Amino acid sequence: MSVKREFSTHSVEETIELGRELSAMFHSGQMIVLRGDLGAGKTTLVKGIAEGFRAAAEEDVTSPTFTLVHEYSGPEVTLFHIDLYRIETERELMTLGIDDLRAEPGSILMVEWGEKFAGIIEQSSGEIAIQKTGDSERQITVRF
Ligand code: ADP
Ligand code: MG
């Protein structure tokens, strides 16, 4: 990974706005791991990223904690928002068909808790790490 950029945000709206801007850094075929504790702001950032791709309105992007995979189609890309928090084994991971999603033309995958699985890390194009640095302050590091 050769590019590292750091940002800080001070509100939910700033994080969503950052997501809109970051969407310009991504292109189809990529899989990005979103790192950070529960409540760090991973899903909040994806709201902005989905808006940046004109794939969904921020209020329509919700956590895929239970559904595991959400799909948002835009004019140029299809964003798959995946949450592996509840996935415990490689076998369960296989059932999600992540390789098939990656193979779909125009797909971009944003994977929360992707760092749980070595195979996901190895195949990822980069990561976004979010750290809570205050009640409404977040440090966001993008690495490619
Ligand atoms: P995750 O997906 O990492 O578990 P969420 O995006 O679902 O996290 O939740 C982030 C929580 O942190 C929300 O309750 C949100 O209101 C709160 N929050 C406070 N400040 C920020 C900020 N600057 N950026 C993102 N979320 C924030
Ligand atoms: Mg989340």
Side-chain angles (χ1 to χ4, degrees), residues 1 3-88 90 92-117 119-144:
M1 297 192 197
V3 175
K4 179 180 173 189
R5 293 187 63 191
E6 296 200 61
F7 306 89
S8 57
T9 67
H10 306 84
S11 66
V12 166
E13 190 39 59
E14 271 187 44
T15 297
I16 294 174
E17 178 56 25
L18 177 65
R20 287 188 198 104
E21 290 165 13
L22 289 180
S23 67
M25 297 177 71
F26 307 127
H27 55 79
S28 59
Q30 289 184 320
M31 174 164 70
I32 309 296
V33 170
L34 297 166
R35 272 183 200 260
D37 294 339
L38 272 183
K42 302 179 295 296
T43 296
T44 302
L45 190 72
V46 173
K47 287 173 179 278
I49 293 171
E51 284 207 337
F53 284 122
R54 292 182 288 148
E58 62 176 75
E59 62 271 21
D60 294 330
V61 175
T62 56
S63 178
T65 307
F66 297 100
T67 40
L68 307 178
V69 181
H70 285 171
E71 177 177 348
Y72 304 105
S73 294
E76 277 139 34
V77 304
T78 300
L79 181 66
F80 290 98
H81 181 196
I82 300 167
D83 191 340
L84 302 183
Y85 185 68
R86 289 161 53 84
I87 300 293
E88 280 164 10
E90 295 280 345
E92 284 175 274
L93 180 64
M94 288 299 287
T95 65
L96 297 184
I98 283 180
D99 290 344
D100 295 339
L101 301 181
R102 288 199 77 186
E104 282 192 24
S107 71
I108 297 183
L109 279 61
M110 296 279 156
V111 188
E112 298 191 28
W113 299 98
E115 70 274 20
K116 286 170 66 174
F117 297 95
I120 298 284
I121 290 281
E122 280 158 22
Q123 288 179 47
S124 75
S125 320
E127 65 169 43
I128 303 173
I130 309 181
Q131 262 191 309
K132 185 171 171 175
T133 48
D135 277 347
S136 55
E137 205 175 278
R138 301 291 187 270
Q139 184 79 26
I140 299 169
T141 307
V142 182
R143 292 188 193 87
F144 279 92

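Residue numbers start at 1 and run along the sequence shown. This is a predicted model, so every value here is computed, not measured.
In this structure a side-chain-to-backbone donor-acceptor pair under 3.5 Å is present from R138 to A40. A distance-only check finds a donor-acceptor pair linking the side chain of K42 to the backbone of D37 [under 3.5 Å]. No donor-acceptor distance shorter than 3.5 angstrom exists from the side chain of K116 to the backbone of E88, with no hydrogens or angles considered. Distance alone, capped at 3.5 Å, places no donor-acceptor pair between the K132 side chain and the G36 backbone. The backbone N or O of H27 lies less than 3.5 Å from a partner atom in the side chain of Q30, making a donor-acceptor pair. Without hydrogens or angle criteria, E14 side chain to H10 main chain gives a donor-acceptor distance under 3.5 Å. Judged by distance alone, the side chain of S28 and the main-chain N or O of S107 form no donor-acceptor pair under 3.5 Å. A donor-acceptor pair is defined here as one N or O able to donate and one able to accept, closer than 3.5 Å; such a pair exists between the side chain of S63 and the backbone of T65.
Considering CD1 of I121 and CD of E115, their distance stands at 6.0 Å, rounded to 0.5 Å. Between Q123 atom CD and L109 atom CG the span is 10.0 Å, to the nearest 0.5 Å. One finds the CZ atom of F80 at 5.0 Å from the CG atom of L101 (value rounded to the nearest 0.5 Å). With rounding to the nearest 0.5 angstrom, the CD1 atom of I49 is 10.0 Å from the CE atom of M25. Note that OG1 of T44 is 7.5 Å distant from CD1 of I130, once rounded to the nearest 0.5 Å. From S23, atom OG reaches atom CG of L45 across 10.0 Å, with rounding to the nearest 0.5 Å.
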Next on the checklist: Let's go through V3 and V142 carefully: what are the C-alpha distance in whole Å and the side-chain angles of both, what is the deciding distance for side-chain contact (heavy atoms from CB on, under 4.5 Å) to 0.1 Å, and is it a yes or a no?
Outcome noted: CA-CA 8 Å; V3 175; V142 182; over 6 Å; no

Checklist entry - Does the side-chain contact (heavy atoms from CB on, under 4.5 Å) test come out yes or no for I120 and L93, once each step is laid out? => result CA-CA 10 Å; I120 298 284; L93 180 64; 4.2 Å; yes

Checklist entry - Is there a side-chain contact (heavy atoms from CB on, under 4.5 Å) between L18 and I140 once you walk through the steps? => result CA-CA 9 Å; L18 177 65; I140 299 169; 3.6 Å; yes

Next on the checklist: Using the rule given for side-chain contact (heavy atoms from CB on, under 4.5 Å), can you reason through F117 versus I87, listing the C-alpha separation, both sets of side-chain angles and the distance that settles it, and then say yes or no?
Outcome noted: CA-CA 10 Å; F117 297 95; I87 300 293; 3.7 Å; yes

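Atom CD of E76 has 12 or fewer heavy atoms from other residues, nucleotides or ligands within 6.0 Å. Applying the 6.0 Å contact sphere to CD of Q139 captures more than 12 heavy atoms from other residues, nucleotides or ligands.
No side-chain heavy atom of L79 sits under 4.5 Å from any side-chain heavy atom of E71. Side chains of S73 and T78 form a contact here, defined as non-hydrogen atoms less than 4.5 Å apart. At a threshold of 4.5 Å between non-hydrogen side-chain atoms, the residues L38 and Y85 count as touching. Side-chain contact between I128 and I32 is present, with at least one heavy-atom pair separated by less than 4.5 Å. A heavy-atom distance below 4.5 Å is not found between the side chains of L68 and D83.
Of all non-hydrogen atoms in Y72 and V61, the two that sit nearest each other are OH-CA, 3.4 Å. For R86 against E92, the heavy-atom pair with the smallest separation is O-OE2, 3.9 Å. Contact between R54 and P75 at its shortest, heavy atoms only, is O-CD, 3.5 Å. Across R102 and S125, no two heavy atoms sit closer than the pair NH2-OG, 4.3 Å. Among all heavy-atom pairs drawn from I108 and M110, the shortest one is CG2-CE, 3.9 Å.
Between E127 and R5 no salt bridge is recorded (no basic side-chain N to carboxylate O distance below 4.0 Å). A salt bridge links E58 with R20: the closest approach of a Lys/Arg side-chain nitrogen to an acidic carboxylate oxygen falls below 4.0 angstrom.
In this model, a donor atom of one side chain and an acceptor atom of the other lie less than 3.5 Å apart for E112 and T43.
Residues F26 and F144 place their aromatic rings such that the two centres sit under 6.0 Å apart.
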